[in-house]
Amino acid sequence: DGSFAFEALAPIHYIFDIEVQDGSVLIDGPINLDLGGAPPDALRLEICTGGAIRGRIYDAALEKGLPGVHIMASHNNRFAQRYWSKPTDEEGQFELTGLRKGAYSVRPVGIAENNRGGSRLAARHVVLEAGQEIDGIDFAVESSPAVSGTVVDASGAPAAFAQVFASRASTDPRIPEWSAMSDEKGVFTFRGFSTGDELELAAFTPTAASKWASPVRVGEDGARDVVITLGPERTGSIAGKVIDKHGRPIALEVQAIPLNNEYPYMFDTMNVNATESGAFVFAALPGGEYVLQLVRGVGNVQPAQTVRLAD
């Protein structure tokens, strides 16, 4: 009859959502649910068919579709959810489905725009009503040499759906300004750069990452068959406990700031919430130095600590 129940929940804040295999989505979801007070007796949840965004990406001069490009739609809500299309087909057509209502920023990934000095291709802004389908969200790309290659794991096997980042070789520290995604065969492509541009590339998956590779020059032969090799699985972890001055556990948010810029994802600060017992853990980390600190404290707070993980 559509009823559901979660039992023995702690009196804290939850984010509630629904995932349905047929593409239906929760209207007005996700839902913020605060169980700090009296729990709700019942929630009435309505689902509808998810909306869709369709379009085409093509070479502006040749009017030819660009295959193999992923399109990303960012939901402009507080959760900033991201949705990825399958690679565009031979005609450059794409489709994003299962979208809830709201405003989206839609853009191709792995595409730079020459007339903006290598900036990302401008996003298209789309507003969807519940279940609405919108066509004709097209992107015209100026003709330019491609930078392409393959991501492989430590054993040499293709790494499907890896995030690939590109940085200007002259940038210090390296900043991942452009991103692409490898396909099911590990193949990736960047477009929209000028001949002679120097780029450094790196990639990562949820369990492994590569270091920044040697620079490639756009337009040269080596820029069309770049191989990015992921390192072994990240197995490092940092665990600890948050306590007050009396030694009692306290549940606060802990922040880890990576100091190692050899890996592309290391520009992201990571936050975790300590449990009621004060315990926290950062997992799946590569070797390097990390600064640990509390996001906010109560009373006097111990200064930030630097921790080193062996490679």
Side-chain angles (χ1 to χ4, degrees), residues 10 12-13 15 74 78-80 82 120 151-155 159 161-181 198-216 228-311:
I12 57 177
H13 184 266
I15 304 298
S74 298
R78 62 173 296 183
F79 303 103
R82 293 182 175 182
R120 291 185 300 178
V151 182
V152 298
D153 63 22
S155 70
F161 310 117
Q163 290 282 342
V164 185
F165 288 106
S167 169
R168 300 179 195 273
S170 59
T171 303
D172 187 24
R174 305 173 193 86
I175 299 173
E177 298 179 70
W178 305 278
S179 66
M181 181 182 289
E198 267 199 330
L199 303 175
E200 292 190 38
L201 306 177
F204 78 92
T205 67
T207 59
S210 78
K211 295 184 178 181
W212 290 100
S214 299
V216 297
I228 302 176
T229 303
L230 300 172
E233 290 194 359
R234 305 193 305 264
T235 57
S237 63
I238 300 172
K241 193 172 185 178
V242 182
I243 57 175
D244 64 18
K245 64 181 180 180
H246 303 293
R248 297 173 300 201
I250 184 169
L252 292 177
E253 189 174 10
V254 184
Q255 186 175 80
I257 304 173
L259 300 181
N260 184 355
N261 72 344
E262 291 184 306
Y263 295 91
Y265 82 103
M266 299 296 287
F267 291 91
D268 294 331
T269 296
M270 298 168 285
N271 291 9
V272 298
N273 292 311
T275 66
E276 293 296 325
S277 64
F280 68 88
V281 61
F282 295 93
L285 302 176
E289 286 191 323
Y290 300 82
V291 173
L292 299 183
Q293 61 186 18
L294 294 177
V295 175
R296 61 181 179 84
V298 179
N300 295 325
V301 178
Q302 182 179 351
Q305 303 180 53
T306 300
V307 177
R308 168 126 193 120
L309 283 180
D311 292 327

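- The minimum heavy-atom distance linking T229 with S210 is given by the pair O-CB, 3.2 Å.
- Taking each heavy atom of A283 and S237 in turn, the nearest pair found is CA-CB, 4.1 Å.
- Residue A203 comes nearest to L230 through the heavy atom pair O-CD2, 3.5 Å, listed as atom of the first residue, atom of the second, then distance.
- For the atom pair I238 CD1 and Q305 CD, the distance stands at 10.5 Å (nearest 0.5 Å).
- Rounding to the nearest 0.5 Å places CD1 of I257 at 13.0 Å from CD of E289.
- At least one side-chain heavy atom of L259 sits under 4.5 Å from a side-chain heavy atom of V291.
- Closest approach of G278 to P249, counting heavy atoms only: N-CB, 3.8 Å.
- Looking only at side-chain heavy atoms (C-beta outward), V254 and L294 come within less than 4.5 Å of each other.
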Chi angles and distances behind the side chain to side chain contact (heavy atoms under 4.5 Å, CB included) call for F282, Q255: CA-CA 9 Å; F282 295 93; Q255 186 175 80; 5.8 Å; no
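- A donor-acceptor pair is defined here as one N or O able to donate and one able to accept, closer than 3.5 Å; no such pair exists between the side chain of S167 and the backbone of E200.
- A distance of 9.0 Å separates CH2 in W212 from CD1 in I228, rounded to the nearest 0.5 Å.
- Nearest heavy-atom pair, G231 versus A208, reported as atom, atom and distance to 0.1 Å: O-CB, 3.5 Å.
- To the nearest 0.5 Å, the span separating OG1 on T275 from CZ on F280 amounts to 10.5 Å.
- Rounding to the nearest 0.5 angstrom, the gap separating the OG1 atom in T205 from the CG atom in D153 is 8.5 Å.
- Across S277 and K241, no two heavy atoms sit closer than the pair O-CE, 2.9 Å.
- Looking at R168 and E198, their side chains never come closer than 4.5 Å, going by heavy atoms from C-beta outward.
- Separating the OG1 atom in T207 from the CD atom in E233 is a distance of 4.5 Å, to the nearest 0.5 Å.
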Intermediate values then yes/no, side chain to side chain contact (heavy atoms under 4.5 Å, CB included), V281 and V272: CA-CA 7 Å; V281 61; V272 298; over 6 Å; no
